[in-house]
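These notes are about the structure you will find just below.
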Amino acid sequence: METVTKDKVSIKVVEYETRSIDEFGDASEVFHFETREEAILCAKRMVEHEEEVAAVVEKHTRKYPSFLHKDPSVYKTIAVFGDPQALELGKWDVDC
């Protein structure tokens, strides 16, 4: 989702990213979605069908032009699924 701010000099883009997590806590693939629901559904399916050990959903907010913003790119973990040990190794559960 893309939003133009009130002053019309800044743009905010929000997308949801689903990351597949291996047994060591490392992300191996990233899938991008426009909605939270789509991203969560993808993560659940990965784990339920045992395609991945774990999966993480993050909200990624970017603001342009970046020099106008203190934090131009922010990731927030909104959901985690799967093996707790893999998630802990990758420190994926800190925001939830």
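The first residue in the sequence is number 1, and the count goes up from there. Heavy-atom basis, side chains included; hydrogens, waters and symmetry copies ignored.
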For Lys59, what residues pass the side chain to side chain contact (heavy atoms under 4.5 Å, CB included) criterion, not counting sequence neighbours? Val14, Tyr16, Thr61, Ile78
Side chain of Trp92, backbone of Gly25: donor and acceptor closer than 3.5 Å? yes
Rounded distance (nearest 0.5 Å) linking atom CD1 of Ile21 with atom CD of Glu29: 11.0 Å
For Ala43 against Val57, the heavy-atom pair lying closest together: CB-CG2, 3.6 Å
Here the pair of heavy atoms bringing Ala86 nearest to Val53 is CB-CG1, 3.9 Å
Sorted by chain and number, sequence neighbours left out, ring-ring contact (aromatic ring centres under 6.0 Å, His included) with His60 holds for Tyr75
Please enumerate all residues that pass side-chain hydrogen bond (donor to acceptor under 3.5 Å, both in side chains) together with Glu38, with sequence neighbours excluded. Thr35
Is there a donor-acceptor contact under 3.5 Å from the side chain of Thr18 to the main chain of Ala39? yes
Mind checking side chain to side chain contact (heavy atoms under 4.5 Å, CB included) for Glu48 and listing every partner two or more places apart, or none if nothing turns up? Lys44
Glu51 CD: over 12 foreign heavy atoms closer than 6.0 Å: yes
Applying salt bridge (Lys or Arg N to Asp or Glu O under 4.0 Å) as the test, list every pair that has at least one member in residues 15-25; sequence neighbours left out. Glu15-Arg62, Glu17-Arg19, Arg19-Glu58
Closest non-hydrogen atom pair, Asp83 against Ala54: N-CB, 3.9 Å
Show every ring pair (Phe, Tyr, Trp, His ring centres under 6.0 Å) that has at least one partner inside residues 20-49, sequence neighbours left out. none
Contacts of type side-chain hydrogen bond (donor to acceptor under 3.5 Å, both in side chains), residue Ser28, not counting sequence neighbours: Ser20
List for me each residue that meets salt bridge (charged side-chain N to carboxylate O under 4.0 Å, His left out) alongside Glu52, sequence neighbours excluded, and say none if there are none. none
Could you check if a side-chain atom of Val56 sits within less than 4.5 angstrom of a side-chain atom of Phe81, using non-hydrogen atoms only? no
